[in-house]
Amino acid sequence: MLDGRHLGPARLFAVTNPGFPDGLKVDREGRLYASAFSGVQVFNPHGELIGEIQLPGAVNFTFGGPDCDVLYITADTAIWAAVLNAKAPEPNGA
């Protein structure tokens, strides 16, 4: 890490298991959300897995809702909404 918030050269941040990450998003607290075969996995800023929204077939996702605290998740046959205790980053880093 260069300043605690950016990756340095050739540093592995995290590993999703099972599967491989497709969608990636970061919330206001620096947690990283990554889709995997089992759902959306959540990593802290150090790359440690801290939780998972279990939803087999999760493909991609985005933050939304009036307070930017809903994670809309596309799966094989449906679109799901998970209300979080986290919010999307402010637009333009404000």
Side-chain angles (χ1 to χ4, degrees):
M1 270 187 216
L2 300 175
D3 63 4
R5 298 195 53 91
H6 296 91
L7 294 178
R11 178 181 180 274
L12 176 65
F13 176 74
V15 175
T16 57
N17 188 18
F20 49 86
D22 182 15
L24 296 173
K25 299 283 186 281
V26 177
D27 68 19
R28 289 185 191 176
E29 302 300 318
R31 291 176 290 251
L32 178 87
Y33 297 71
S35 61
F37 290 167
S38 57
V40 177
Q41 297 182 350
V42 184
F43 298 88
N44 69 18
H46 302 287
E48 300 162 335
L49 180 65
I50 58 171
E52 180 174 25
I53 301 168
Q54 295 182 342
L55 188 62
V59 177
N60 215 324
F61 51 91
T62 192
F63 282 98
D67 295 324
C68 296
D69 63 349
V70 179
L71 200 63
Y72 293 100
I73 307 164
T74 59
D76 291 335
T77 59
I79 299 173
W80 296 87
V83 179
L84 306 175
N85 288 326
K87 294 186 180 191
E90 293 286 340
N92 300 323

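Since the structure is predicted, the reported quantities are computational estimates derived from the model, not experimental observations.
- Counting heavy atoms from C-beta on, the side chains of L55 and V40 never come closer than 4.5 Å.
- Annotation for A58 and S35: closest pair O-CB, 4.4 Å, computed over non-hydrogen atoms.
- Considering all non-hydrogen atoms of both residues, R31 and N85 come closest at NH2-O, 4.3 Å.
- The same ILVMFWY cluster, assembled from side-chain heavy atoms under 4.5 Å apart, contains both L49 and L24.
- Nearest heavy-atom pair across V26 and L32 is CG2-CD1, 3.7 Å.
- The hydrophobic cluster analysis finds I79 isolated: no Ile, Leu, Val, Met, Phe, Trp or Tyr side chain comes under 4.5 Å of it, directly or through other members.
- In this structure, T62 contributes its side chain and Y72 its backbone to no donor-acceptor pair below 3.5 Å.
- Listed here is the closest heavy atom pair of G23 and N60: CA-OD1, 3.5 Å.
- F61 and V70 fall into different hydrophobic clusters, where Ile, Leu, Val, Met, Phe, Trp and Tyr side chains are chained together by heavy-atom contacts under 4.5 Å.
- Each ring-ring contact (aromatic ring centres under 6.0 Å, His included) pair with one or both residues in residues 24-43, not counting sequence neighbours, appears once here: F20-F37, Y33-F63.
- Among all heavy-atom pairs drawn from K87 and D27, the shortest one is O-CB, 3.2 Å.
- Transitive grouping of hydrophobic side chains (ILVMFWY, heavy atoms separated by less than 4.5 Å) brings V42 and W80 into a common cluster.
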